[in-house]
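Inspection log for the structure reproduced underneath, given as C-alpha cells.
Whatever order the structure lists them in is the order used to number ligands and atoms, beginning at 1.
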Amino acid sequence: MKVEICTLFPGFFSGPLESSILGRASTAKLLDVRLHNIRDYTHDKHQKVDDRPFGGGPGMVMKPEPVFECVESLNLEPGTPVILTSPRAPLFTQQTAVDLSAYSRLVFLCGHYEGMDERIQEHLATHVYSIGSYVLTGGEPATLVMLDAIVRLIPGVVGKMDSVEQDSFMEGLLDCPHYTRPAEFRGWKVPDILMSGDHSRIESWRQQQKLLETKRWRPDLLAQHQMSPAEQALLEER
Ligand code: ADE
C-alpha cells in the first residue's frame, strides 16, 4: 500500500513510522509512506499556509491553495481516497479500516489551526473522519491512528491473520480476556475452563466473554449487534 501524508509537520511521523509493526511493514515493502510538506507548495516569501477567517473570530484557517497544489502534485489515479482528518466528521471505525485497507493507495490530509478552508473538504477530500469525540492539536495523531488500524489489516503485516479476525470489533463485539503462563500468579488463577483442553467449551466460554465484556464496557455496541438465539442464551446463562 502506498500512503501519501500531506502535513505541515512531517517530523511528527518519523518515530512512529519506523517503529514496531508500521516499521516492519515498510521494511517488508508492504507499506510505502511518503510525507509531503504542505508548506513546500506556497509561492510567497513567507510561505504562508494560514490566514484570518472571513467574517472574523479567533484562530487561523488553513489556506486552500497549498493544500490543493500538494495533492495535485501526486497525480492520483481517479478513485484514490483523499482522507481529511477533522473532529467535525463521522467516526472512524473498524469497518472504515477494513474498507480502506482494500485500496492500494491512500492520501491523508492533516488539518490544523482552527480548521481548513471548507473548500478543501468539499472539493478535494473524498472522505472525512474523526477518531473520537475530543479535539486534538492537529490531524497528525489522528492520521497515525487511522493508518495503524488500516495497515495491520493488510495481509502479511501482522503474523497471524486469524488473530486479526478475532480482534475486538471485528464481529461488532469486544474481544474476550486472554491469559498465559503462569497458571497461578500471586494467588490469582486462570479460569479453569481454559486449562480443561475441551475446545468446544472453551470456544463457547470465549463467545460468552465477548458478549459480557461488550455489555459491560460498550453497551452501545451490544445494542447494535444482531444477537443470535445462541448468543442470547449465552448472555442469559450468567
Ligand atoms: N483533529 C482534531 N481533532 C480531531 C479528531 N478528534 N479526529 C480527527 N481529526 C482531528
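Looking only at heavy atoms of the protein, atom 2 (C) of ligand 1 is closest to Leu136 N, 3.4 Å. In this structure, atom 1 (N) of ligand 1 lies nearest to the protein heavy atom Pro87 CD, 3.6 Å. Here the heavy atom of the protein found nearest to atom 7 (N) of ligand 1 is Ile131 N, 3.0 Å. Ranking protein heavy atoms by distance to atom 9 (N) of ligand 1, first place goes to Ser86 N, 3.2 Å. When only non-hydrogen protein atoms are considered, atom 6 (N) of ligand 1 lies nearest to Tyr134 O, 2.8 Å.
The pair Glu118-Arg88 counts as a salt bridge, with a side-chain nitrogen and a carboxylate oxygen less than 4.0 angstrom apart. Here Glu4 pairs with Arg105 in a salt bridge; the nearest charged N to carboxylate O distance falls below 4.0 Å. We find that Asp50 and Lys48 are not joined by a salt bridge, their nearest charged nitrogen and carboxylate oxygen being 4.0 Å or further apart. Salt bridge absent: Asp175 and Arg206 never bring a charged side-chain N and a carboxylate O closer than 4.0 Å.
Residue Ser130 approaches ligand 1 through these ligand atoms, each under 4.0 Å from one of its heavy atoms: 5 (C), 6 (N), 7 (N), 8 (C). Close contacts between ligand 1 and Ala142 involve ligand atoms 8 (C), 9 (N) [criterion: under 4.0 Å to a heavy atom]. For ligand 1, the atoms sitting less than 4.0 Å from at least one non-hydrogen atom of Val135 are 3 (N), numbered in the order shown with element in parentheses.
For the atom pair Gln232 CD and Glu237 CD, the distance stands at 12.0 Å (nearest 0.5 Å).
Ligand 1 lies within reach of Tyr129, whose nearest heavy atom is under 4.0 Å from it.
Using a 30° and 60° split on the angle between ring planes, Phe92 and Tyr129 fall in the perpendicular class, above 60°.
No more than 12 heavy atoms of other residues, nucleotides or ligands lie within 6.0 Å of CG in Asp192, so this atom counts as exposed by the packing criterion.
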Q. Should Lys2 and Leu106 be marked as a side-chain contact (heavy atoms from CB on, under 4.5 Å) after you check the CA-CA gap, both sets of side-chain angles, and the distance that decides it?
A. CA-CA 6 Å; Lys2 196 165 173 187; Leu106 297 176; over 6 Å; no

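Below 3.5 Å of separation, one finds an N or O of Gly132 facing an N or O of ligand 1. Any N or O atom pair closer than 3.5 Å counts here, and Gly139 shares no such pair with ligand 1.
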